Amino acid sequence: MRLTILGGGGFRVPLVYGALLRDRAAGRVTHVTLYDVDAARLGAVARVLAEQADGVADAPEVTVTTDLDDALRGTDFVFSAIRVGGLEGRAADERVALAEGVLGQETVGAGGIAYGLRTVPVAVDIARRVAALAPDAWVINFTNPAGLVTEAMSRVLGDRVIGICDSPVGLGRRVARVLGVDPDRAWFDYVGLNHLGWLRGLWAGGRDQLPRLFADPELLGSFEEGKLFGPEWLRSIGAVPNEYLHYYYFNREAVRAYQGAERTRGAYLRDQQAGFYAELAGGGGGGGSALGAWNRTLADREATYMAANRDAAGVGERDDEDLGSGGYEQVALALMRAVARDESATLILNVRNRTTLAVLDADAVIEVPCLVDANGAHPVSVEPLPYHAVGLVTAVKAVERAVLAAAGSGSREDAVRAFALHPLVDSVAVARRLLDAYTDVHPGLAYLRN
């Protein structure tokens, strides 16, 4: 089985390859093609993967290319993890928004809109190339903003594109851990949009275990989300929100923390990864080891994740037991296994709504538990959203639709509407200034100047 990774020079590619190395079942991936527009980054990541594969029998063969069509021909799965504009673009997204006093996070608020406006046209072009060159391939999308980009690609590929994210899985595993529940035997009642969802139940042993968590303030405040939001607020809404909802529920505090930080998250990662790739370009690494350099950089990256939000909440550094993410590479591997081998699996994924949430239309991409088999991912029925969640979900979906309209039409009016409708942008005048500033700093947004 052949896998193509778009954004193959990306820092987290070794996580995916590591998961493939551990997969010894029949029908596994035997060939990986890394595609990227940056040949130097491709070379660096290929060095890390070669060290990972050293001594592993029948390790998947790795090839690299800067030719998209070559990367797609003959592939069975496409894993899309591109970053249009690079980390320099992310840093600029954050900087422009903060100058207007609004949030500039990568996927949330003004920064997420700017990123989406840059990324959607590229993602749609990729979807068209997949449809032309590998029409039977399945696309697994991790490119952010993941829900928005998956919806854009689904207009070309239909249900053959499925979005993944590690946030819901990480949340579910942390809650299961403090409740003493095996997460692999639990059912997570999770629903929303990407980076805008709520865990409403955790079923194990024939009953919902979440009420037990809400009844114990000490337990409720003992894990990452409990510390970020506080037990009182979690009990008030009767659910455990995805960590990204901290930007909504504590927006003033988050903006203030970002403005007071020495560097934004994007600027930090830009500098950190520039150092990593420069070290490998010079032939360096921990004792000459590219894999050693990558491991050290990854550990620091995970430890500093959402540091500004934790500062705003006054909860300090992350606990060691909260450091593990949901493992997006494990989600991707489980999804590929289920489709390729027709092994039934239940995963939280980004898929078209169909009739799952009555407040959204059938083509809206949502994030919910899905049953996966050889025919793809099928969203399960869920209880209706409470009104407070309906308001956020429908408002943000309206923003996503405006982004898609702007990306398709090149209309400045559509782009301004996307910024102005977002719950975290408080003025149409601010929306117009944001668009002007973003088009000034991002050449890829020149199509929106008219």
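Only this structure's heavy atoms are used, side chains among them; waters, hydrogens and symmetry mates stay out. Source: prediction; values computed, not measured.
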_Could you walk me through whether Asn194 and Asn144 satisfy the side chain to side chain contact (heavy atoms under 4.5 Å, CB included) test, starting with their C-alpha distance in whole Å, then the side-chain angles of each, then the deciding distance to 0.1 Å, before giving a yes or no?_
CA-CA 9 Å; Asn194 180 239; Asn144 276 325; 4.1 Å; yes
*Residue from Arg265, Arg270, Arg83, Arg118 passing salt bridge (charged side-chain N to carboxylate O under 4.0 Å, His left out) with Glu106*: Arg83
*From CZ (Arg352) to CG (Asp159), nearest 0.5 Å*: 4.0 Å
_Distance check, rounded to the nearest 0.5 Å: Tyr17 atom OH versus Gln52 atom CD?_
7.5 Å
Quick one: do [X] and [Y] make a salt bridge, cutoff under 4.0 Å?
{"X": "Glu243", "Y": "Lys227", "answer": "no"}
{"X": "Arg417", "Y": "Glu413", "answer": "no"}
{"X": "Arg341", "Y": "Asp373", "answer": "no"}
{"X": "Asp182", "Y": "Arg177", "answer": "no"}
{"X": "Arg2", "Y": "Glu61", "answer": "no"}
{"X": "Arg301", "Y": "Asp271", "answer": "no"}

*Side chains of Leu298 and Leu15: closer than 4.5 Å at any heavy-atom pair?*
yes
*Does a side-chain heavy-atom distance below 4.5 Å link Trp138 with Val130?*
no
*Criterion salt bridge (Lys or Arg N to Asp or Glu O under 4.0 Å) on Lys397 and Glu151, from CA distance to verdict*: CA-CA 11 Å; Lys397 182 54 69 176; Glu151 185 164 331; 2.7 Å; yes
Examine distances only and state if a side-chain atom of [X] and a backbone atom of [Y] form a donor-acceptor pair shorter than 3.5 Å.
{"X": "Thr75", "Y": "Leu72", "answer": "no"}
{"X": "Thr4", "Y": "Val78", "answer": "no"}
{"X": "Gln259", "Y": "Leu98", "answer": "yes"}
{"X": "Glu100", "Y": "Val102", "answer": "no"}
{"X": "Arg129", "Y": "Asp125", "answer": "no"}
{"X": "Glu94", "Y": "Gly266", "answer": "yes"}
{"X": "Thr439", "Y": "Asp436", "answer": "yes"}
{"X": "Thr264", "Y": "Ala267", "answer": "yes"}
{"X": "Ser411", "Y": "Asp414", "answer": "yes"}
{"X": "His442", "Y": "Gly444", "answer": "no"}

With no hydrogens and no angle check, do the side chains of [X] and [Y] hold a donor and an acceptor under 3.5 Å apart?
{"X": "Tyr190", "Y": "Asn242", "result": "yes"}
{"X": "Gln105", "Y": "Thr107", "result": "yes"}
{"X": "Glu51", "Y": "Ser289", "result": "yes"}
{"X": "Thr150", "Y": "Asn141", "result": "yes"}
{"X": "His246", "Y": "Asn251", "result": "no"}
{"X": "Tyr115", "Y": "Tyr438", "result": "no"}

*Kindly determine whether Asp166 and Arg173 satisfy salt bridge (Lys or Arg N to Asp or Glu O under 4.0 Å), including the steps that lead there.*
CA-CA 11 Å; Asp166 49 359; Arg173 287 187 173 278; over 6 Å; no
*Before giving the answer on salt bridge (Lys or Arg N to Asp or Glu O under 4.0 Å), spell out for Arg200 and Asp189 the whole-Å C-alpha distance, their side-chain angles and the decisive distance to 0.1 Å.*
CA-CA 5 Å; Arg200 306 183 299 180; Asp189 178 8; 3.4 Å; yes
*For the rings on Trp294 and Phe11, is their centre-to-centre separation under 6.0 Å?*
yes
*Is there a salt bridge (Lys or Arg N to Asp or Glu O under 4.0 Å) between Arg160 and Asp136 once you walk through the steps?*
CA-CA 8 Å; Arg160 294 193 80 85; Asp136 295 327; 5.2 Å; no
*Taking it one step at a time, do Arg155 and Leu404 satisfy side chain to side chain contact (heavy atoms under 4.5 Å, CB included)?*
CA-CA 10 Å; Arg155 294 183 174 185; Leu404 293 174; 3.4 Å; yes
Could you list the donor-acceptor pairs under 3.5 angstrom formed between side-chain atoms of residues 358-366 and any protein atom two or more places apart in sequence or on another chain?
{"residue": "Asp361", "atom": "OD1", "partner": "Asp363", "partner atom": "N", "Å": "3.0"}
{"residue": "Asp361", "atom": "OD1", "partner": "Ala364", "partner atom": "N", "Å": "3.1"}
{"residue": "Asp361", "atom": "OD1", "partner": "Arg401", "partner atom": "NH2", "Å": "3.1"}
{"residue": "Asp361", "atom": "OD2", "partner": "Arg401", "partner atom": "NH1", "Å": "2.8"}
{"residue": "Asp361", "atom": "OD2", "partner": "Arg401", "partner atom": "NH2", "Å": "3.3"}

*Given Val29 and Val32, is the side chain to side chain contact (heavy atoms under 4.5 Å, CB included) satisfied, shown in steps?*
CA-CA 7 Å; Val29 171; Val32 178; 3.9 Å; yes
*List in chain and number order the residues that pass side chain to side chain contact (heavy atoms under 4.5 Å, CB included) with Ala46, two or more places apart in sequence or in another chain; answer none if no residue qualifies.*
Val64
_As a quick check of understanding, evaluate side chain to side chain contact (heavy atoms under 4.5 Å, CB included) for Val331 and Glu329, giving each step before the final call._
CA-CA 5 Å; Val331 180; Glu329 70 280 4; over 6 Å; no
